[in-house]
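Take a look at the structure below.
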Amino acid sequence: MKSKTTKILALILLIAGSVAAFAQQPAKGAPRTTYIRAGHLFDATSDSLRDNVIIVITGDRIQNIAPAASFTIPAGATVIDLSHATVLPGLIDCHTHMAARADRYDEIFRFKDTPFSHAFAAVVHARKTLEAGFTTIRDVGSPPFLAVDLRNSINEGLVPGPRIVASGPGISITGGHGDLNNYSPQTRVTMFPEERDFGIADGVDQIRHVVRAQVKYGVDVIKILATGGVLSKGDSPGAPQYTVEELKAAAEEAHMAGRKIAAHAHGAQGIKNAIIAGIDSIEHASLIDDEGIRLAKEHGTYLVMDIYNDDYILGKAIEFGLPRENVDKERMVGQRQRESFERAVKAGVKMAFGTDAGVYPHGDNSKQFFYMVKFGMTPAQAIRAATSNAADLIGRTADVGTVEPGKFADLIAVSADPLHDVRALENVGFVMKGGAVVKDAITNKGAH
Ligand SMILES: [Zn+2]
């Protein structure tokens, strides 16, 4: 009897305890509000800074931005003090490869790495990218369908990482930039023989099929390879690899499915073919000529020019086993791409930030800002390429790219003034994604 009474009493206490613990949680349906004191704010709706503002965040969205002088923060509220820092929108990199490692240039890894090793690497890269201040990225080429799964796992909260706009593998002609070339015909690497890895397609019918198959497995964006590449074998970066008719079919299929389409293109003719076909962004655009620049302006096509990674490819990548053929191609293309960038900026072509992360180590994305300014942009232009313009290219202006009411509370902060020295963005001290702090090394709280 006695023992039974004790048990009942224990049960009652347990229930009472649970009720008390439950009562301490915020009421359901009442999202928490956070107040950020920003010493300076670059909201990316203009090229200038605002001083001393309060950013009000409710749940995962920005609710209000007000001058600090005329705003009273309620007593006891959660306040993040960035009054000695510059706050900006979370950065966006429109050209990354989350699965790619920058220490894997030896071709043997094409045969040794499993889908699992790619996925483990991608999890690490996603965190590094987010902590570097990139709260949104576009993955434009990874094994089927790693970027889709990574996007979903991040959205579920299983692993930390940026918001991901996911593509499948880049779609390539047989023998092109996305194929495995110059091996014995007996060498087979297809995981999905009937789909040729969801990447190889020749002719309009096969292209339509592969775009539809990629959409079936959940991609947000289509990537097509319109010319040869620098890091592939047996092809020339300058040579077109699809006809205008084939590129038009790809663009039409992608747009019919409500997806944007990005084309890898180094050579002048391939760039023009892609623009005429209605592709949304030209990736690399290394050898773009004056006619290509004129066409890009006329069609409103974005250029995504990765003008930092040349330094890495001609340095570390050689140490990591980059074959001679690819070193020679990079020497041919790298400097000319920077000159092309300068001409395109002068002409006023739409530009979005993209770095080809994975070719160089993930997390170093911001090193590209220095080169964008060196080759003709103002710091504000370079930052807007990675915020408001990038959001426009990826079709997410309702959610990201500026600091405005209604947008996700994706914010970063730096100690130095990025409009004075854009390299300040290489040291992002504070990162918030969707109202949750993911890195804090500069607030008063963080410094202690
Ligand atoms: Zn790439």
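Atoms within a ligand are numbered from 1 in the order they appear, just like the ligands themselves. All values below come from the heavy atoms of this structure, side chains included, with hydrogens, waters and symmetry mates left out.
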Checking side-chain polar atoms at under 3.5 Å, does [X] have a donor or acceptor matched by the opposite partner on [Y]?
{"X": "Glu156", "Y": "Asn152", "value": "no"}
{"X": "Asp93", "Y": "Thr96", "value": "no"}
{"X": "Asp364", "Y": "Tyr312", "value": "no"}

Starting from the Zn ion (ligand 1), count all protein N, O or S atoms within a radius below 2.8 Å. 3
Please determine whether a side-chain nitrogen of the Lys or Arg among Glu298 and Arg294 lies less than 4.0 Å from a carboxylate oxygen of the Asp or Glu. yes
Taking Glu319 first and then Lys316, would you say they form a salt bridge - that is, a charged N and a carboxylate O separated by under 4.0 Å? yes
Specify whether Phe145 and Phe198 have parallel, tilted or perpendicular ring planes, treating 30° as the upper limit for parallel and 60° as the lower limit for perpendicular. perpendicular
